[in-house]
Amino acid sequence: MTAPASRPPVALSIAGTDPSGGAGIHADLKAFCARGVYGTTAITALVAQNTHGVSEVYGIDEAFVEAQLASVLDDLPVDATKTGMLSTRSLVDLVCRAVDERDLGYFVVDPVMVATSGHRLLDDDAVDSVRRQLMPRADLITPNLPEAALLLGESEPEAASIEQMRDQAGRLIEHGARGVLLKGGHGVDDEVIDVLALADGTTAEFTHTRIRTPNTHGTGCTLSATITAEMAAARHAQASTASGADTTASGADATVSGADATASETTTASETITAAVERSLDYLARALASADHWQLSLNPEGAHGPVDHLVDLTVTR
Ligand SMILES: Nc1ncnc2c1ncn2[C@@H]1O[C@H](COP(=O)(O)OP(=O)(O)OP(=O)(O)O)[C@@H](O)[C@H]1O
Ligand SMILES: Cc1ncc(CO)c(N)n1
């Protein structure tokens, strides 16, 4: 007797690359694997970067990004998607069209704007499209402190206290996303606090001890990819339960995500988001702690190394 068909949860990352392996699509794929999710990608930019920063960006034109998206979406059932570096306004618009016309599953937006080294990863004229077009389509956006301020307006100062973070997360929700996770990694206190605000009015705060390590390259990418993986797994499980069987393509029919979800479905989505964020922050804390003393760079002075994406993996040789 042949085994019944089955599949793992599937996640898609639309983002730029990091040949040094710590951030961007490289980090996303590692995080997807680490969380037991099948990873797929559409590359928006080839980025020459390493633990010292970005040196060059080679943009991918819209038609080719569209072809990559079609390759994935015409063939595979995607349970959740994240965006990272989108580079240009035309790519932001392309992704918005994909959300409207295709089933991307749960949709997580990491509004990547500037690399830690100061290099722009999103054109100035694309910020408004992220604010007005991309954010309202997102189940969750994950800005860091400077990104949250920029999304609220040119003259908005960065939040410098937990009260200001709460206020900004609340105002960002008004832009239409189902959830906002305002990340506190750029703060300086001994504790890192991340604030989650959801459109249904619920809020949550997650506190972790700040690890005094230079190895924080790609934490934002890793976090948003992990959340996406957790949400892909949740949607896959929800679709399996709904169909009473393992899914092949029926993940695409799950009704928990999307603008037309009913009130009770929205509650389910809020719970899914909150659980995914909590689990992902715990994983990231383990990955940061595990790489605390890593020295990967041949030139360690001023280097920001990656986290240990495979912290939970045991390899037998
Ligand atoms: N030193 C640290 N100790 C503990 N947790 C941290 C530390 N730095 C970052 N984090 C965690 O990582 C998450 C993402 O970090 P951050 O706010 O720096 O995002 P980011 O700026 O988008 O990251 P990236 O460096 O990839 O651009 C934070 O929400 C926080 O939970
Ligand atoms: C490609 C890419 N995306 C995002 C970031 C931000 O960490 C980065 N350094 N590189």
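Start at 1 and go down the list; that is how both ligands and their atoms are numbered.
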Notebook entry, point to check: Are Asp139 and Lys82 within salt-bridge range, i.e. N to O under 4.0 Å?
Noted result: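 No.
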
Check: Residues two or more places apart in sequence or in another chain: which of them pass side-chain hydrogen bond (donor to acceptor under 3.5 Å, both in side chains) with Ser297?
Finding: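 If we apply the side-chain hydrogen bond (donor to acceptor under 3.5 Å, both in side chains) test to Ser297, skipping adjacent residues, the hits are His52.
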
Next item on the list: Answer yes when Asp93 and Arg97 have at least one side-chain N-carboxylate O distance shorter than 4.0 Å, and no when they do not.
Entry: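 Salt bridge flag = no for Arg97 with Asp93.
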
Margin query: Is there a path of hydrophobic side-chain contacts, each under 4.5 Å between heavy atoms, that joins Leu104 and Met85?
Written below: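 They do not share one cluster, since no chain of ILVMFWY contacts under 4.5 Å joins Leu104 to Met85.
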
N/O contact list for ligand 1, threshold under 3.5 Å:
from: ligand 1; atom 1: 1 (N); to: Ile211; atom 2: O; distance (Å): 2.9
from: ligand 1; atom 1: 3 (N); to: Ile211; atom 2: N; distance (Å): 2.9
from: ligand 1; atom 1: 15 (O); to: Thr219; atom 2: OG1; distance (Å): 3.3
from: ligand 1; atom 1: 17 (O); to: Gly185; atom 2: N; distance (Å): 3.0
from: ligand 1; atom 1: 21 (O); to: Asn144; atom 2: ND2; distance (Å): 2.8
from: ligand 1; atom 1: 21 (O); to: His186; atom 2: NE2; distance (Å): 2.5
from: ligand 1; atom 1: 22 (O); to: Lys183; atom 2: NZ; distance (Å): 2.7
from: ligand 1; atom 1: 23 (O); to: Thr219; atom 2: OG1; distance (Å): 3.3
from: ligand 1; atom 1: 23 (O); to: Gly220; atom 2: N; distance (Å): 3.0
from: ligand 1; atom 1: 26 (O); to: Thr219; atom 2: N; distance (Å): 3.3
from: ligand 1; atom 1: 26 (O); to: Gly220; atom 2: N; distance (Å): 2.9
from: ligand 1; atom 1: 29 (O); to: Asp194; atom 2: OD1; distance (Å): 2.5
from: ligand 1; atom 1: 29 (O); to: Asp194; atom 2: OD2; distance (Å): 3.2
from: ligand 1; atom 1: 31 (O); to: Asp194; atom 2: OD2; distance (Å): 2.9

Next item on the list: Decide yes or no on side chain to side chain contact (heavy atoms under 4.5 Å, CB included) for His175 and Leu151, but give the supporting numbers first.
Entry: CA-CA 9 Å; His175 286 252; Leu151 288 170; over 6 Å; no

Check: Among side-chain atoms of Thr268 and Gln238, is any donor-acceptor pair under 3.5 angstrom?
Finding: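 No, Gln238 and Thr268 have no side-chain donor paired with an acceptor closer than 3.5 Å.
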
Starting from the N and O atoms of ligand 2, collect every protein N/O partner closer than 3.5 Å and put each pair on its own line with the distance to 0.1 Å.
from: ligand 2; atom 1: 9 (N); to: Gln49; atom 2: OE1; distance (Å): 3.0
from: ligand 2; atom 1: 10 (N); to: Gln49; atom 2: NE2; distance (Å): 2.8

Next item on the list: Would you list the pairs meeting salt bridge (Lys or Arg N to Asp or Glu O under 4.0 Å) in which at least one residue belongs to residues 31-48, sequence neighbours left out?
Entry: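 Listed by first then second residue: Arg35-Glu230, Arg35-Asp312.
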
Check: Should Ile60 and Leu29 be regarded as members of a common hydrophobic cluster, given that ILVMFWY residues are connected when their side-chain heavy atoms come within less than 4.5 Å of each other, either directly or indirectly?
Finding: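 Different clusters.
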
Next item on the list: Could you tell me whether Arg279 and Asp282 make a salt bridge, using a distance below 4.0 angstrom between a side-chain N and a carboxylate O?
Entry: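 Salt bridge flag = no for Asp282 with Arg279.
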
